[in-house]
Amino acid sequence: MYRTRFAPSPTGYLHLGHAFSALTAFEAARANDGEFILRIEDIDHTRSRPHFEAGIYEDLTWLGIEWQKPVLRQSEHLADYQAALDRLKEMGLLYADARTRKGEAEAALSAPQADDAALQTAPANPAWRLSLEAAREHLGARYEALAFMEKGEWQKADPAINGDVILGRKDIGVAYHLAVVIDDARQGITDIIRGHDLYDATHTQVLLQALLDLPTPRYHHHALLVDDQGRRLAKRKGSKSLRDYRHEGLTLAEIRAMITASARN
């Protein structure tokens, strides 16, 4: 069965870009006689808030979107992500990196010898990075054959685009890349429809799917909505929320017209 999903993080209110993505996925599910899944990606407990999650349900209902229940909340499945992280450690595919973000920035400007010294003196509780070298050795010929279907065409996956990504974070535990592939497999997602800003992430996620023996869905990365100045809509940039538009009395038809106009820019 065709099954797609919308997976927002409750770290702010949804904006027009989120509405575009959710509606695109919902309408694709209906057109293919499939299922639309809503997933709440709330592993970042430092930024997720209950009122933002409630706002997601309110906005999607107002948009006329219906989803399968119950809703999967990532915060209720942390043990599963940790088990996957431990499995990758046991496979020898991760390495510890105890640097802070500030330390990483400083290391980028330093010589390799200074970098090594910083790692030796860094505090405990490291982050865990995926070693592309170890992954390539583990998969052998399969590594070079990694690929995914994007808008109906096969594309070669190149995990080197993102380098040795962090999969185990010091602040919140597991990182986005690992949690999302676990949940896509768990929920039987066949088609992932999301913004083009996540296109590069696909290369890493396809690698993780291969390492963990998980299926690779089909992908469709759509264009991003922009404001009247050509800037991408984003929560962290203070883009106007759907909640704001609703409170101003805009109708669903007007919201759809705004989405269409933004998509053409």
Validation row: [X], [Y] side chains within 4.5 angstrom (heavy atoms):
X    : Y    : answer
R186 : L72  : yes
I172 : H45  : yes
I56  : P10  : yes
F6   : L14  : yes
R5   : E35  : no
V181 : V206 : no
T4   : T190 : no
Y95  : D164 : yes

* **Pair D42 + R47, salt bridge at N-O below 4.0 Å** => no

* Going by an N to O cut-off under 4.0 Å, is there a salt bridge joining E248 and K240? -> yes

* Test side chain to side chain donor-acceptor pair (under 3.5 Å) on D244 and Y13 and set out the steps. => CA-CA 9 Å; D244 293 331; Y13 291 114; over 6 Å; no

Can you get from [X] to [Y] by hopping between Ile, Leu, Val, Met, Phe, Trp and Tyr side chains that sit under 4.5 Å apart?
X    : Y    : value
V71  : I37  : no
L207 : I166 : no
I189 : I193 : no
W128 : L208 : yes
L130 : I182 : yes

Which heavy atom of [X] sits nearest a heavy atom of [Y], and at what distance?
X    : Y    : answer
T204 : P159 : OG1-O, 4.4 Å
T61  : Y57  : OG1-O, 2.8 Å
I259 : A19  : CD1-CB, 3.7 Å
F36  : A22  : CE1-O, 3.8 Å
I255 : L250 : CD1-CD2, 4.1 Å

* To do: Test R73 against E41 for salt bridge (charged side-chain N to carboxylate O under 4.0 Å, His left out), laying out the working first.
  => CA-CA 6 Å; R73 301 174 70 249; E41 298 195 338; over 6 Å; no

* Summary of ring-ring contact (aromatic ring centres under 6.0 Å, His included) pairs that have at least one residue in residues 70-93, sequence neighbours excluded -> none

* **Residue pair Y199 / Q155, side-chain donor-acceptor N/O under 3.5 Å** => yes

* Would K156 count as a cation-pi partner of W154, with NZ or CZ less than 6.0 Å from the six-membered ring centre and within 45° of the ring normal? -> no

Side-chain donor or acceptor of [X] paired with backbone N/O of [Y] under 3.5 Å:
X    : Y    : answer
N32  : G34  : no
D191 : P217 : no
H203 : D158 : yes

* Asked: Should we say atom CG of D213 is surrounded by more than 12 heavy atoms from elsewhere, each under 6.0 Å from it?
  -> yes

Residues 134-150, side-chain donor-acceptor partners within the protein, below 3.5 Å, at least two apart:
from	atom 1	to	atom 2	distance (Å)
R142	NH2	A210	O	3.3
E150	OE1	H221	ND1	2.9
E150	OE2	H221	N	3.0

* To do: Check side-chain hydrogen bond (donor to acceptor under 3.5 Å, both in side chains) between T216 and all other residues, then give those that pass, not counting sequence neighbours.
  => Q209

